[in-house]
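Data block below; observations after.
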Amino acid sequence: MRCIERGPTLLGRARGAPYAWGHSPVPTGRDGGAGCPRWGRSLKLVPRGFSVNHSSSGSGASADEALAPAVGGAVAEGPFPLSTLRHSVSHLMASAVAKLWPEAKFGFGPSIEHGFYYDLDLPVALDESDLKRIEKEMRRIAKASPELTCTEMPRDEARARLEALGQTYKVEAVDLIPEGETITFYSHGDWFDLCEGPHVDRLDRPFAFKLQSLAGAYWRGDEKRPMLQRIYGTAFWSEEDLERHLAWLEEVKTRDHRRLGTELDLFSVHAEAGAGFVFWHPRLGIVRHEIEDFWWREHINRGYQPVYSPHVSREQLFAVSGHLENYGEMMYAAMDLDDMPYRVKPMNCPGHSLIYKTRGRSYRELPLRWAELGTVYRYEKSGVVHGMLRVRGFTQDDAHIFCTPEQLPDEIAGVLDLIHHVLTTFGFQYTAYLATRPAEKSIGEADIWERATKALADGAAKVGMDLQLDEGGGAFYGPKIDFKVRDALGREWQNSTVQCDFNLPQRFDLEYTDSSGNRVRPIMVHRAVLGSLERFVGGLIEHFGGRFPFWLAPEQVAVIPIREEHGEYARSVTKALRAEQFRVRCMDEPSHMNKRIKAAQHDRVPFLTIVGAKEAEDGTVAIRPRGERGQRTMSLQEFAELARGLRSSRSLDLPNWAEPAP
RNA sequence: GCUGCUGUAGCUCAGUGGUAGAGCACUUCCUUGGUAAGGAAGAGGUCGCGGGUUCAAGUCCCGCCAGCAGCUCCA
């Protein structure tokens, strides 16, 4: 739509549940035929916890290159690319399934980012225990019939053979292969599969694999077609690599924001309230407050002005904006008040447009930069809501800039600088993509597109930002720059965006008077830095693994008196720090000290201070930063100074006083 | 929305037809402890909700709600 959308929608074609959105391989039909797709450039969810890369046929190492640094080890080179191994293992798996269920029909079975899958049509629903059986059969087949052979076959014969086998999906796959391409089959033992290859030569080479999960998947990704059963698995050239990969998945699980949300008392969702609605608990409320505070300071410093618009408006407003027509199915149903339909807003831009229109505007007052943390509601299908990362109600950090075409490059530069500043403050690395005019439908004159696209590029050049090109990836209403951030685990996801809009000013008939007295349309820039507070903070929880930096931490210091008699000193320390607006937890309850230490550590409090007789006498605190970072005793004033520094600099690190390793 | 799975104490889970269990958390008492869980006792559950089968349902069946893994859609 013409306004900012969060996350995956920003990329138009992107999708995802968890958090990894980005470019990843998907089969594009032929170029490969059954089981051997060539990877197309398409946006697709990759399994949770994985980074996403462009991948092309035969370059399967890319995924592991991304993974390796994060898990501290390289992935073993095999005699063939890892993607080839995985592709062959998917065939091996299919052959095992065929043995166990002779009536099975097969769909596609490619290697993917971190493994492989195969889509199957079976008379029975598989469960986890079947995976073990299949693995066992795979091992048997690999031993019994290790040799792979490749056979070329004329189209008619290929078709006939597959029909004879009752492999209806494969027959369809043959028909997807363009005329003139060679049709090949790969086989080992009884297995005989339409496939482009390449494959490993033998299945008795040393490698390690694991079948991981089951899921439903529509044949050829089309919900009007039958749903097949998909088995996901992965394979490596060594046990160690497989183990490391599985350990990595475990690490990802411990960082899952939903799990940490419960464990750290951060947020909840409720059946009573409905799916996709997030309840922020006090401990996360303060985190959000700090983020919003930071956000507003940055915006006001950069000439943005706060505006506020209502959550509900007459439906007519969204008819004018075009949302009803183009975005209607994402909107909550109308409610009737005084026989008039009203809607909950899915975006903030119509409201801001109304404010613009309240009086005549002069070029002298442009650019106008209006910011709102606007809460919007959008209907998401029940199967896709996910923790804080994909919800039905969220707060967008929205702003609209109304400017002249001449001002556009500077405005873009300003936004990019702001985005850079905010993202790096949270410790994210990012990649920026310039999305140009889509090939199909789009509005606006060619020269306006050209100018706006150039303005985006010039703005980036002005602040020294590199842009990747996303050809044809723009919105129908204008070009944009999207940002993908890379989190602490190397996973990519997307929140920030800058979008030029030629459509909404026209729909709302927005104008200003230029220096010659002519009425002209302003250009409207939609932009989001955080995207959605919900998604951003959900991602932040995972990025930090619940270990928020000092300035954000729900509790910044835990004060633990050794004995009850030291409670008074602990309370005076607490009081002194709270007087400086630090968030301090005074753990003076009469339970065992070690228990309180454990509790504070569980909650990932950045600083732990134990106070006893010594400290009370000297007016000091024994400070231990979170993690294995040693300990120091210092005066309360010294510590306050240190804490003030960490807070004002929004430091991502805590001091490290640990003895260097010998 | 679709496919499959799941829903038992605040949390993590055990309990596959005979009127509910563990660990942690919580409360109380004891312990006065110098850096990663001291001890004991207690309290806490209409087994997601609604129907059905049965002498009897946490357990079997149906529907709904929510969650999980994916798929699909998302201007």
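The chains referred to below are lettered A, B, ... by the order of the sequence lines, with proteins before strands, and numbering in each begins at 1. All values below come from the heavy atoms of this structure, side chains included, with hydrogens, waters and symmetry mates left out.
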For residues 555-565 of chain A, tabulate all N or O donor-acceptor pairs below 3.5 Å that involve a side-chain atom, not counting sequence neighbours.
unit_1   : atom_1 : unit_2   : atom_2 : d
A:Glu555 : OE1    : A:Arg283 : NH1    : 3.0
A:Glu555 : OE1    : A:Arg585 : NH1    : 3.0
A:Gln556 : OE1    : A:Arg583 : N      : 2.8
A:Gln556 : NE2    : A:Phe550 : O      : 2.9
A:Arg563 : NH1    : A:Glu565 : OE1    : 3.3

Self-check item: Partners passing side chain to side chain contact (heavy atoms under 4.5 Å, CB included) against A:Lys132 (at least two apart in sequence or in another chain)
Solution: A:Glu135, A:Lys210

Quiz item: Do A:Arg259 and B:rC11 share a donor-acceptor pair, side chain to base, under 3.5 Å?
Solution: no

Quiz item: Are the ring centres of A:Phe116 and A:Phe209 closer than 6.0 Å?
Solution: no

Quiz item: Over how many whole Å does the gap from A:Tyr117 atom OH to B:rG4 atom C1' extend?
Solution: 17 Å

Quiz prompt | For B:rG58, the Watson-Crick or wobble partner whose two distances fall under 3.5 Å | solution = none

Extract from the structure each pairing of a protein N or O with an N or O of nucleotides 46-50 of chain B at less than 3.5 Å, listing the distance.
none

Quiz item: B:rA69 phosphate, OP1 or OP2: any side-chain N/O from A:His386 under 4.0 angstrom?
Solution: yes

Quiz item: When rounded to the nearest Å, what value does the distance between P atoms of B:rG23 and B:rA14 take?
Solution: 16 Å

Quiz prompt | C1' atoms of B:rG38 and B:rG33, separation to the nearest Å | solution = 9 Å

Quiz item: Can you find an N or O donor on one side and an acceptor on the other, under 3.5 Å apart, linking the side chain of A:Gln631 with the base of B:rG34?
Solution: no

Quiz item: Touch check for A:Ala613, heavy atoms < 4.0 angstrom, all strands: base, sugar-phosphate only, or nothing?
Solution: base

Quiz item: Quick one: is A:Arg230 getting a side-chain N or O under 4.0 Å of the B:rU3 phosphate, OP1 or OP2?
Solution: no

Exercise. Using a cut-off of strictly less than 4.0 Å between a heavy atom of the residue and any atom of RNA chain B, enumerate the qualifying residues of residues 214-223 of chain A by number.
Key: A:Ala215, A:Gly216, A:Ala217, A:Tyr218, A:Gly221, A:Glu223

Exercise. For nucleotides 25-33 of chain B, just jot down a letter per nucleotide in 5' to 3' order: B, S or -, based on protein non-hydrogen atoms under 4.0 Å.
Key: S-----BBB

Exercise. Kindly write out the residues that satisfy side chain to side chain contact (heavy atoms under 4.5 Å, CB included) with A:Thr620, not counting sequence neighbours, or none if the list is empty.
Key: A:Glu615, A:Asp618, A:Thr633

Quiz prompt | Nearest-angstrom distance, C1' atom, B:rU32 to B:rC68 | solution = 47 Å

